[in-house]
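Here, residue 1 is the first one in the sequence, and each next residue gets the next number.
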Amino acid sequence: MKNIVENNYGEVTVVEHSDYKWGVIDSKGNEIVPFGKYDWIEGFEQGLCRVKVGKQSSNLANNDNKWGIINEKGEEVLPCVYDKVWKFKGKNRCSTRVVKDGIAREVYFHDLNPLLPKRGIGNKNYSYTESNSKERGTYSEYNGTYVQDVMGWSDQDIDDVLDGEPDAYWNID
């Protein structure tokens, strides 16, 4: 099995195999999240990571995908029961918005990872860094969209510039 995506986040690496199964391994190659448990794994920030169960396009209004958040130990700290977990990787935020059954609420990262500082309060014991993070753009989550298939934007570009909404491309002047 060939790895087609490897994104390193300190002591853990998110890997996608050539059979499109995602998993997480540690620095010694031990499996932390079994390959295939989730249909997509984003990447870690502040020791947390969005995961998705379901292979339908996230752009479909009524899809059956379920979202959650895991920690670097592979534990689901927010179960995969949400219709949407907003992107937080690379946003330098202390929370994210989750949606379930049409109801949105804010989830604070400190509640999911107690090593993180509470909102507005510094915490000198927190030591997580991404200083040795190496990341490649991927082209899997937004396959079938104009902005990716025709214009060549990576998933990372779409997440960063269009906040994960490929149809927002048409609003760029």
Side-chain angles (χ1 to χ4, degrees), residues 1 3-56 58 63-138 140-141 155-156 159-160 163-164:
M1 196 81 40
N3 295 345
I4 58 173
V5 175
E6 285 188 29
N7 296 325
N8 181 281
Y9 302 92
E11 295 297 313
V12 296
T13 301
V14 175
V15 178
E16 181 186 11
H17 282 164
S18 56
D19 62 357
Y20 303 106
K21 291 189 178 176
W22 292 81
V24 178
I25 59 174
D26 66 14
S27 59
K28 296 177 183 169
N30 299 315
E31 208 174 66
I32 295 172
V33 174
F35 287 86
K37 179 175 182 178
Y38 302 106
D39 294 304
W40 183 75
I41 301 174
E42 183 173 33
F44 288 89
E45 178 152 316
Q46 302 185 75
L48 302 171
C49 174
R50 286 191 317 159
V51 293
K52 178 178 82 167
V53 175
K55 295 184 178 184
Q56 292 181 309
S58 297
N63 62 54
D64 293 327
N65 298 334
K66 293 299 176 192
W67 293 84
I69 296 176
I70 61 171
N71 63 20
E72 291 178 325
K73 296 177 186 172
E75 303 165 330
E76 278 188 15
V77 293
L78 192 69
C80 287
V81 297
Y82 294 90
D83 302 320
K84 177 110 174 134
V85 173
W86 288 18
K87 177 181 171 54
F88 57 86
K89 185 175 161 300
K91 303 283 185 183
N92 195 25
R93 298 179 44 110
C94 63
S95 67
T96 192
R97 185 166 296 248
V98 298
V99 179
K100 183 177 179 187
D101 300 325
I103 299 170
R105 71 181 179 95
E106 204 72 15
V107 172
Y108 293 91
F109 299 142
H110 174 79
D111 296 334
L112 306 178
N113 180 354
L115 293 176
L116 295 173
K118 289 186 179 180
R119 185 172 69 156
I121 301 172
N123 183 346
K124 294 182 182 176
N125 294 329
Y126 180 68
S127 63
Y128 181 83
T129 65
E130 284 196 43
S131 58
N132 46 350
S133 173
K134 298 176 208 157
E135 188 168 330
R136 286 184 351 202
T138 61
S140 59
E141 183 173 2
D155 289 347
Q156 188 68 46
D159 285 338
D160 289 346
D163 211 21

Peer 1: In the structure I gave you, are the side-chain heavy atoms of Lys66 and Asp83 within less than 4.5 Å of one another anywhere?
Peer 2: yes
Peer 1: Provide the closest heavy-atom pair for Tyr38 versus Cys80 in the form atom of the first, atom of the second, distance.
Peer 2: CE2-SG, 3.6 Å
Peer 1: Could you pull out the closest heavy-atom pair between Asn65 and Gly54, with the gap in Å?
Peer 2: OD1-C, 3.1 Å
Peer 1: Which one of Val98, Val107, Val99 satisfies the side chain to side chain contact (heavy atoms under 4.5 Å, CB included) criterion with Trp86?
Peer 2: Val99
Peer 1: Applying side-chain contact (heavy atoms from CB on, under 4.5 Å) to Asn71 and Asn113, what does each step give before you reach the verdict?
Peer 2: CA-CA 8 Å; Asn71 63 20; Asn113 180 354; over 6 Å; no
Peer 1: Could you tell me whether a side-chain N or O of Asp19 sits under 3.5 Å from a main-chain N or O of Lys21, the two making a donor and an acceptor?
Peer 2: yes
Peer 1: Can you measure from NE2 (His110) to CG (Leu115) and round to the nearest 0.5 angstrom?
Peer 2: 9.0 Å
Peer 1: Let me know which of Lys100, Arg50, Arg105 forms a side-chain hydrogen bond (donor to acceptor under 3.5 Å, both in side chains) with Tyr82.
Peer 2: Arg105
Peer 1: Kindly say whether the aromatic ring centers of Trp67 and Trp40 come within a distance under 6.0 Å.
Peer 2: yes
Peer 1: Begin from the C-alpha positions of Ile70 and Glu75 and carry the test side-chain contact (heavy atoms from CB on, under 4.5 Å) through to its verdict.
Peer 2: CA-CA 5 Å; Ile70 61 171; Glu75 303 165 330; over 6 Å; no
Peer 1: Is the closest side-chain heavy-atom distance between Leu116 and Leu48 below 4.5 Å?
Peer 2: yes
Peer 1: Crowded around Lys73 NZ? As in, over 12 foreign heavy atoms under 6.0 Å?
Peer 2: no
Peer 1: Would the distance check show the side chain of Thr13 and the main-chain N or O of Ile25 forming a donor-acceptor pair, the cut-off being under 3.5 Å?
Peer 2: no
Peer 1: What distance do Glu42 atom CD and Cys49 atom SG have between them, rounded to the nearest 0.5 Å?
Peer 2: 6.5 Å
Peer 1: Which value, rounded to the nearest 0.5 Å, describes the distance between Glu31 atom CD and Lys37 atom NZ?
Peer 2: 10.5 Å
Peer 1: What I want to find out is whether Glu45 reaches Lys87 closely enough, with some N-O distance under 4.0 Å, to be called a salt bridge.
Peer 2: no
Peer 1: For Tyr9 and Lys89: C-alpha separation, side-chain torsions, deciding distance, then whether side-chain contact (heavy atoms from CB on, under 4.5 Å) applies.
Peer 2: CA-CA 12 Å; Tyr9 302 92; Lys89 185 175 161 300; 3.3 Å; yes
Peer 1: Just by modelled atom types, is the Arg93 backbone N or O under 3.5 Å from a matching donor or acceptor in the Gln46 side chain?
Peer 2: yes
Peer 1: Would you indicate whether Asn92, at its atom CG, is surrounded by more than 12 heavy atoms from other residues, nucleotides or ligands within a distance under 6.0 Å?
Peer 2: no
Peer 1: So, for Gly68 and Val85, which heavy atoms are closest and what is the spacing to 0.1 Å?
Peer 2: N-CG2, 4.1 Å
Peer 1: Quick check: do Ile69 and Thr96 have side-chain heavy atoms less than 4.5 Å from each other?
Peer 2: yes
Peer 1: Mind listing the closest non-hydrogen atom pair of Val15 and Phe35 along with its distance?
Peer 2: O-CE2, 3.6 Å
